[in-house]
Novice: 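Would you mind keeping the following structure in view while I ask a few things?
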Amino acid sequence: TMENILFHNLVERLEGSPSETCAVIVIGVVRLAETNSTLGYEAGDSMILEISRRLSVAIGKDDILGRLGGDTFGMLVDGASRAEMEKITARLEGQFEEPIPILDFELAVDLRFGISFHDVDENGEQLIHQAEVAEFKARDGGRHWYIFDPENDVVDPEQLLLIGEM
């Protein structure tokens, strides 16, 4: 599937990245499931395509973007510092100032960003999972974005499954 292709590309690129300033951003689309259940999957698919198009316009030329699955997209940003993350997420959010026209509706898009930074001890898969944990924390905390903190945030696969079922 496309999600698996993106996931493996992210992992390969992270593991081959000489930059220690690369980051993974997991982008969560709030209420996408409600759009699917209310307006149907065709409307949801149209919304996903438009979200993909708008995000693609806002990324850097060397960044990688793709859908990880469900209501999440993944992005690899190379050469970004923690200080630049606020600008990057604002640029991505700026693509959604105008609602998305679907059927006879104008749907506002609300995004949440989970961010993790490359560490020499982590592989690409761990970095993606950390960004997923950060995205959950952003949603649960009512924040727009959250940076994974290796000192305080635990990556527990069972906890991720429980959170994903909520």
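Values in this document were obtained by computation on a predicted structure and should not be read as measured data.
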Novice: Within a strict 4.5 Å, meaning less than it, do heavy atoms of the Glu93 and Phe113 side chains meet?
Specialist: yes
Novice: Report yes if the side chains of Val30 and Leu111 come closer than 4.5 Å at any heavy-atom pair, otherwise no.
Specialist: no
Novice: In terms of side-chain heavy atoms, does His129 have a donor or acceptor partner in Gln126 at a distance below 3.5 Å?
Specialist: no
Novice: Counting N and O atoms only, with roles assigned by atom type, does the side chain of Thr35 sit under 3.5 Å from a partner on the main chain of Gly44, one being a donor and the other an acceptor?
Specialist: no
Novice: Does the Arg139 side chain pair with the main chain of Gly142, one donor and one acceptor, at a distance under 3.5 Å?
Specialist: no
Novice: Would you say Met75 and Leu32 are hydrophobically clustered, going by side-chain heavy atoms of ILVMFWY under 4.5 Å?
Specialist: yes
Novice: Flag the pair Phe136 / Val26 as yes when at least one side-chain heavy-atom distance between them is below 4.5 Å, and no otherwise.
Specialist: no
Novice: Atom NE2 in His144, atom CG in Asp110: separation rounded to 0.5 Å?
Specialist: 6.0 Å
Novice: Kindly state each residue pair satisfying salt bridge (Lys or Arg N to Asp or Glu O under 4.0 Å) with at least one member in residues 94-105, sequence neighbours excluded.
Specialist: none
Novice: Once you round to the nearest 0.5 Å, how far does CG of Leu92 lie from CD1 of Ile25?
Specialist: 6.0 Å
Novice: Before giving the answer on side chain to side chain contact (heavy atoms under 4.5 Å, CB included), spell out for Ile115 and Thr89 the whole-Å C-alpha distance, their side-chain angles and the decisive distance to 0.1 Å.
Specialist: CA-CA 10 Å; Ile115 302 160; Thr89 58; 4.2 Å; yes
Novice: What is the distance from atom CD1 of Ile51 to atom CZ of Phe96, rounded to the nearest 0.5 Å?
Specialist: 5.5 Å
Novice: Only pairs at least two apart or in different chains count here, so list each salt bridge (Lys or Arg N to Asp or Glu O under 4.0 Å) that has a residue in residues 45-55.
Specialist: Glu50-Arg53, Glu50-Arg54
Novice: Under a 3.5 Å distance rule, please check whether Arg112 uses its side chain to pair with a backbone N or O of Arg143 as donor and acceptor.
Specialist: yes
Novice: Would you say that Arg82 contacts Phe117 through its side chain, given a criterion of any heavy-atom pair below 4.5 Å between the two side chains?
Specialist: yes
Novice: So which heavy atom on Ala58 is nearest to which on Arg91, and how close?
Specialist: O-NE, 2.6 Å
Novice: Using the side chain to side chain contact (heavy atoms under 4.5 Å, CB included) criterion, which residues pair with Glu106? Sequence neighbours excluded.
Specialist: Pro99, Pro101
Novice: Using side-chain heavy atoms (C-beta onward) and a distance below 4.5 Å, is Ile27 in contact with Leu65?
Specialist: yes
Novice: Using the rule given for salt bridge (Lys or Arg N to Asp or Glu O under 4.0 Å), can you reason through Lys137 versus Asp149, listing the C-alpha separation, both sets of side-chain angles and the distance that settles it, and then say yes or no?
Specialist: CA-CA 11 Å; Lys137 286 197 168 244; Asp149 177 3; over 6 Å; no
Novice: Quick check for you: to the nearest 0.5 Å, what is the distance between Ile48 atom CD1 and Asp71 atom CG?
Specialist: 8.5 Å
Novice: Has Glu86 got more than 12 heavy atoms of other residues, nucleotides or ligands less than 6.0 Å from its CD?
Specialist: no
Novice: Taking the side chain from Thr72 and the backbone from Leu68, do they hold a donor-acceptor pair closer than 3.5 Å?
Specialist: no
Novice: Please report the interatomic distance CD1(Ile88) to OG(Ser81), rounded to the nearest 0.5 Å.
Specialist: 7.5 Å
Novice: Within this structure, what is the CD1-CG distance for the pair Ile147 and Asp153, rounded to the nearest 0.5 Å?
Specialist: 11.0 Å
Novice: Do Leu107 and Met47 have side-chain heavy atoms sitting under 4.5 Å apart?
Specialist: yes
Novice: I want to check something: taking the side chain as every heavy atom from C-beta on, are Leu39 and Phe105 in contact at a cut-off of under 4.5 Å?
Specialist: yes
